[in-house]
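Written below as structure tokens is the structure these notes are about.
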Amino acid sequence: MRPSLFQAPLPQEVRRCDVCQWRCELAPGETGRCGVRLHHAGSIQSEADGVVSAATIGPIEDQRLWHFFPDAQVFNVGSYGTPILTEQAAQYGQLPEPAARRQLPAERVADFAQQRLCRGVVWAYNDPAVTLEWTLDGLKLARAGSRFTAVVSSGYFSSEAIEAIGPYLDGIRLDLLGFSDQAYVELGGIQEWQGIMAGAEWLRERWNTHIEVSLRLHAGVNDRETEIETLARWMREKLGALTPLHLLSRDGQPTWEHLADVARAAGLEFVYGPDPDQPTRCPQCRWVVIERSAGPTQLTGVSGEVCESCGTSLGLRTSLFRRQTRYQRGG
């Protein structure tokens, strides 16, 4: 176990965990909502520190980061625990029994990425918001080794956690449950969700972090036109019109095509559905700039970070050393 990086004492031996936005107040022996942090020996401790749930190598596109180092091979790694126990988070939501736990220190994460010539490391599978210390160590070490860094997260980091990871975080796939009280209450049991949006805005404003938003559609919960329009307007105004939106659905779930048109009408330039083979087109001249098919992703019309045909800004992050990518509508 490892002491929580952010915690505070309260009266009657209670301690508050300040790693995620739940800010659980725990008496001795109690475990937080994440399932991996408990009050032990007078301190909030992370039971999941260095415990690995999955580790794979694959193309960055598999993580639904489509405008972020296209066609790069990355090391994907995760632990256990999640602040929001949704259907997709359930697999790695709880720690296994101690005998079944596998350790992978942050140093080994960074070393493995270099040994296998991966261009970057992505923390996924569980939500890195609740394994902050291990993730933060890995972010620092990966960046020191000239690897780019990214996380797949619900965005439920506390403000303190965002300040800690921001300087070392190149990209995030922000998995939203919707853009309304109803969506977050029904799908995540959360009444206060605006802090997620504030954190994303701060990452973009202060560190120009690359952000791609994904939304899994649920019929009658988060698939109303007004909700998609409001989400798209927030993304355009706060994150930039070139920020990608991924609308995901399963068989029998709501179709995404009409909702994509709603998001585009609200000002977003790049809206994708669940199909893995969708190309990226320049928003100005409609030239195919990134081709995705059964084979490797190909940058077919990109010069630097702009369209090769007309020079329009595309909002692509392609360099570890240039963090000034423009995410507003470019020309």
Side-chain angles (χ1 to χ4, degrees), residues 21 61 63-68 70 84 129 150-157 162 166 169-184 187-188 190 192-218 221-249 254 256-274 278 280-284 289-290 305 312-317 323-331:
Q21 293 182 33
E61 286 78 14
Q63 295 293 353
R64 277 283 167 166
L65 285 162
W66 283 12
H67 290 206
F68 183 75
I84 307 174
V151 299
V152 175
S153 174
S154 64
Y156 219 54
F157 295 96
I162 288 176
L169 182 63
D170 295 304
I172 177 173
R173 190 188 87 202
L174 181 64
D175 290 346
L176 299 183
L177 300 183
F179 209 75
S180 67
D181 292 344
Q182 178 191 359
Y184 269 91
L187 298 176
I190 294 175
E192 298 181 3
W193 53 277
Q194 294 292 343
I196 295 171
M197 313 308 159
E201 293 171 24
W202 190 232
L203 283 169
R204 173 57 55 80
E205 178 182 346
R206 181 161 184 178
W207 295 284
N208 202 33
T209 305
H210 180 87
I211 300 173
E212 303 198 26
V213 175
S214 72
L215 175 65
R216 188 171 297 278
L217 299 172
H218 292 262
V221 180
N222 62 6
D223 64 334
R224 295 180 296 275
E225 289 185 17
T226 54
E227 186 160 345
I228 300 301
E229 181 181 13
T230 305
L231 167 60
R233 286 180 176 174
W234 168 76
M235 290 177 61
R236 182 196 68 203
E237 294 170 4
K238 301 299 184 179
L239 306 181
L242 301 179
T243 302
L245 171 63
H246 300 264
L247 297 175
L248 308 179
S249 61
W256 64 275
E257 288 87 350
H258 174 63
L259 295 177
D261 290 338
V262 171
R264 294 187 187 102
L268 292 186
E269 301 288 8
F270 300 108
V271 185
Y272 300 102
Q278 299 160 89
T280 295
R281 295 181 178 274
C282 171
Q284 182 66 34
V289 293
I290 304 178
E305 296 170 356
T312 296
S313 296
L314 300 170
L316 303 179
R317 180 66 61 86
R323 301 192 72 176
Q324 301 307 312
T325 299
R326 293 178 56 190
Y327 293 104
Q328 299 297 327
R329 193 188 304 270

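Numbering of residues begins at 1 and proceeds along the displayed sequence. Keep in mind that what you see is a predicted model, and the values were worked out from it rather than measured.
Taking the side chain as every heavy atom from C-beta outward, V289 and L316 never approach each other to under 4.5 Å. Side chains of I196 and L174 form a contact here, defined as non-hydrogen atoms less than 4.5 Å apart. The closest side-chain heavy-atom distance from L176 to M197 is below 4.5 Å. Using a 4.5 Å cut-off on side-chain heavy atoms (C-beta onward), L245 and L231 make contact. Here the side chains of Q194 and Y184 are not in contact, with every heavy-atom distance at 4.5 Å or above. Side-chain contact between P283 and L314 is present, with at least one heavy-atom pair separated by less than 4.5 Å. The shortest side-chain heavy-atom distance between L239 and V213 falls under the 4.5 Å cut-off. Looking only at side-chain heavy atoms (C-beta outward), E305 and R326 stay at 4.5 Å or farther from each other.
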task: Let me see the working for E212 and H67 under side-chain hydrogen bond (donor to acceptor under 3.5 Å, both in side chains), right down to the final yes or no.
output: CA-CA 8 Å; E212 303 198 26; H67 290 206; 5.3 Å; no
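Considering every non-hydrogen atom in both E227 and V221, the closest pair reads OE1-O, 3.6 Å. Minimum interatomic distance between D261 and R264 (heavy atoms only, all atoms of both residues): OD1-NH1, 3.1 Å. Taking both residues in full, the closest heavy atoms of A200 and W234 are given as CB-CH2, 4.2 Å, listed atom of the first, atom of the second, then distance. Here the shortest heavy-atom pairing between F157 and I162 reads CB-CG1, 3.7 Å. Heavy atoms only, all atoms of each residue included: G178 and A183 are closest at CA-CB, 3.8 Å. Considering all non-hydrogen atoms of both residues, A150 and F68 come closest at CB-CE2, 3.9 Å.
At distances below 3.5 Å, not a single donor-acceptor pair connects side-chain atoms of T243 with backbone N or O atoms of M235. In this structure, S313 contributes its side chain and G315 its backbone to no donor-acceptor pair below 3.5 Å. Counting only distance, with no hydrogens or angles, the side chain of R173 and the backbone of Q63 share a donor-acceptor pair below 3.5 Å. For the pair N222 (side chain) and R216 (backbone), a donor-acceptor distance under 3.5 Å is present.
Rounded to the nearest 0.5 Å, atoms CG (D181) and CD1 (I190) are 11.5 Å apart. Expressed to the nearest 0.5 Å, how far CH2 of W66 lies from CD of Q278 amounts to 4.5 Å. Taken from OG1 in T209 to CD1 in I172, the straight-line distance is 8.0 Å, to the nearest 0.5 Å. Residue I211 holds its CD1 atom at 11.0 Å from CG of L65, rounded to the nearest 0.5 Å. Note that CZ of R317 and CG of N208 are 5.5 Å apart. Values are rounded to the nearest 0.5 Å.
Checked by atom type, the side-chain pair D175/S214 shows a donor-acceptor distance below 3.5 Å. No donor-acceptor contact under 3.5 angstrom links the side chains of W256 and D223, judged on distance only.
Taking E269 as the reference, R329 meet the salt bridge (Lys or Arg N to Asp or Glu O under 4.0 Å) condition, with sequence neighbours excluded.
Below 30°, between 30° and 60°, or above 60°: for W207 and W202 the angle between ring planes is above 60°, a perpendicular geometry.
Within 6.0 Å of CD on E257 lie more than 12 heavy atoms contributed by other residues, nucleotides or ligands.
Judged as a salt bridge (Lys or Arg N to Asp or Glu O under 4.0 Å), the pairs with a partner in residues 228-244 (not counting sequence neighbours) are, in order, E229-R233.
In this structure, the ring of W193 has its center no less than 6.0 angstrom from the ring center of Y156.
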